[in-house]
Amino acid sequence: MTELLRGLGVSAGTATGPAYRLPGPPRLPPPRPVTDPDRERDRALAALAAVGEDLGRRAAAAADATSGEILRAQAALAGDRALSVGVARAVHAGHEAPHAVAAVLAEYRSNLLAAGGRLAARAADLDDLRDRVVAHCLGLPMPALPRPGCPFVLVAVELAPVDAALLDPAQVLAVVTSAGSFVSHTSILARVRGLPAVVACGGALEIPDGTVVTVDGTTGRVNLGAAGEEAEVPAPRAAPAGDHLGRTSDGHRVALLANIGRAAELGGAAVEGIGLFRTELLFQHHVDPPTMAEQVGAYAEVFAAMPDRQVIVRTLDAGSDKPLPFLREHDEPNPALGIRGLRVARRRGDILRTQIAAIAEAARRHTARVAVMAPMVTTVAEAAEFTALCRDAGLSTVGVMIEVPAAAVRAAEILQAVDFLSVGTNDLSQYTFAADRRSGELADLLDPWQPALLSLIALCAAAGAAVGRPVGVCGEAAADPAFAVVLTGLGVTSLSMSPGAIPAVRAALAAHTVDECRAAAQRALAAGDPAAARAAVTRV
Ligand code: PEP
Ligand code: MG
């Protein structure tokens, strides 16, 4: 029987294969009294040093820059002086070497969890370090990925940075984790490697080893036993060869754009342009704000890859699920409802101004058609202020994301202050349904086919049509081919998604006339729940 699990799709693509779970950590033996504290201390410090050296070697041999960066950070943690001092103290207080390491790192861990945000997300790094050092002390093999002897889908609570950095794409077909977020190492590395990944997937740990699963890293669905229900969009009529433009079968244009965090994510894919350049992903490991020159270089790299094509740059979307170390001064009880996205400018206007200046400078050096947009805009006043800042810097095309219900219901008024809107369905779902976007348990509420979400998108699209201004969708929902048909029918003018998802969406649009898309949109809007909406569109 097919069973469906749902999580957060964080790296697009689908893969099918047997699932195997990452083995658990080494077990600590029952504690015994320490008879020679100095020898025991030396054993603990030697284990820390050996693990640090091993990580350093792996960093030097890393397959890509991101993996190297993660492994280097982990090696630096092993060599941290305060950690050695703490471990030596714990040994002298009566703990054996592995217990001392585990106790000190457990304390570090609870401090990180208490700090919340990005620091809490790094707790997995400490767990991995503990497991490595404990294994070394006990003479056990280092924690490693399963080796079932065939390509497999890796299942875990969350991947430690080292596991994620050492994934071999020839062996690991996809990754499913029960914890994690869009910015966890699992997600970052999976995107860099082009591996389909689903995180925050409730029930993942109950999948028996060897069960064949189909992982859809776009929709966040994991089917046990067989491929899922998703392939119900009618077979496409072929788009003209060599034509990469999105359009319906009767020629209604819908630009199909890519969501990226850096130029390398394009992976040579032929795209019409970039609909969402998530700039915060460039700087997620930085402890100091990126300089103007550093930013100009990073943006120019993407602009250079898109000559004469559209690139929509989103200003830093920091906070909540995408914390940035250099903006970590806020201690908030509820970061998703706090100082995030454009709101950071309330406290750090300098960072927004520098970024806008850097985007403008990089844009002057290239022929890409650069537009800029702000995340998490809530009011018309915020939109107007952002537009003024960008125009003053010489950026002429300015838009905002619609991710907050308050902005969606005032889309018409906001459009008087900006050139375009881009609906971020990931956050718009989160805030409309009061459901954390990382929660696997609330995935039913976060289903983009929820009629209330469709109504808000329809409102935005109608507001755009009334004044002839573009309204795109850049949340991952745009990557669902059937949903893309509905969005087109609602009047959305561009769809932006992970590059790998574009061909299927292009094919789905090419299989329908614009009137068929409009009829599909009306059926979806009239449905009472997500399943009925999906069925009304896919089963005709
Ligand atoms: C969104 O919220 O839909 C979006 C595209 O932005 P992000 O996923 O980066 O928050
Ligand atoms: Mg968002």
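Numbers for residues simply follow the sequence, beginning at 1. For ligands, and for the atoms within them, numbers begin at 1 and follow the listed sequence.
Residue contacts with ligand 1 for Asn259 are absent, since no atom lies close enough (heavy atoms, distance under 4.0 Å). If you look at Leu276 next to ligand 1, the close heavy atoms, those under 4.0 Å, all belong to the side chain. Residue contacts with ligand 1, taken as heavy atom pairs separated by less than 4.0 Å, do not involve Met497 at all.
With sequence neighbours excluded, the residues that form a side chain to side chain donor-acceptor pair (under 3.5 Å) with Thr248 are Asp250. Partners of Arg469 under the side chain to side chain donor-acceptor pair (under 3.5 Å) rule, at least two apart in sequence or in another chain, do not exist in this structure.
Thr354 and Gln295 are not linked by any side-chain donor-acceptor pair at a separation below 3.5 angstrom, with hydrogens and angles left out of the test. Looking at Ser496 and Asn259, their side chains do bring a donor and an acceptor atom within 3.5 Å of each other. In this model, a donor atom of one side chain and an acceptor atom of the other lie less than 3.5 Å apart for Asp480 and Trp449. A side-chain N or O of Gln430 and one of Asp427 form a donor-acceptor pair less than 3.5 Å apart.
Checking only distances, Glu280 never comes within under 3.5 Å of ligand 1, N or O to N or O. Checked against a 3.5 angstrom limit, the closest N/O atoms of Arg340 and ligand 1 fall outside it.
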Show me the donor-acceptor pairs, under 3.5 Å and distance only, between side chains in residues 388-395 and residues at least two apart or in other chains.
residue, atom, partner, partner atom, Å
Arg391, NE, Ser396, O, 3.3
Arg391, NH2, Asp419, OD1, 3.0
Arg391, NH2, Asp419, OD2, 2.6

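Near Gly475, meaning under 4.0 Å from one of its heavy atoms, ligand 1 places the atoms 3 (O), 5 (C). For ligand 1, the atoms closer than 4.0 angstrom to any heavy atom of Arg437 are 2 (O), 7 (P), 8 (O), 10 (O). The contact set between ligand 1 and Cys474, taken as ligand atoms under 4.0 Å from a residue heavy atom, comprises 5 (C). Atoms of ligand 1 found under 4.0 Å from any heavy atom of Asp427 (numbered from 1 in listed order, with element): 1 (C), 2 (O), 3 (O), 10 (O). With ligand atoms numbered from 1 in the order given, ligand 1 contributes 4 (C), 5 (C), 6 (O) to contacts under 4.0 Å with heavy atoms of Met401. Within ligand 1, the atoms closer than 4.0 Å to a non-hydrogen atom of Asp317 are 10 (O), numbered from 1 in the order shown.
Environment of CD in Glu294: crowded, with over 12 heavy atoms of neighbouring residues, nucleotides or ligands closer than 6.0 Å.
Counting only protein N, O or S atoms, 2 lie closer than 2.8 Å to the Mg ion (ligand 2).
Contact between Gln430 and ligand 1 is absent, with no heavy atom of the residue lying under 4.0 Å from the ligand.
Comment: Arg346 engages Glu382 in a salt bridge, judged by a side-chain N to carboxylate O separation of less than 4.0 angstrom. Note on Arg6 versus Asp444: no salt bridge recorded, every NZ/NE/NH1/NH2 to OD/OE distance being 4.0 Å or above. Using a 4.0 Å cut-off between a side-chain N of Lys or Arg and a carboxylate O of Asp or Glu, Glu280 and Arg314 qualify as a salt bridge.
By the 4.5 Å heavy-atom criterion applied to side chains, Val198 and Arg221 are not counted as neighbours.
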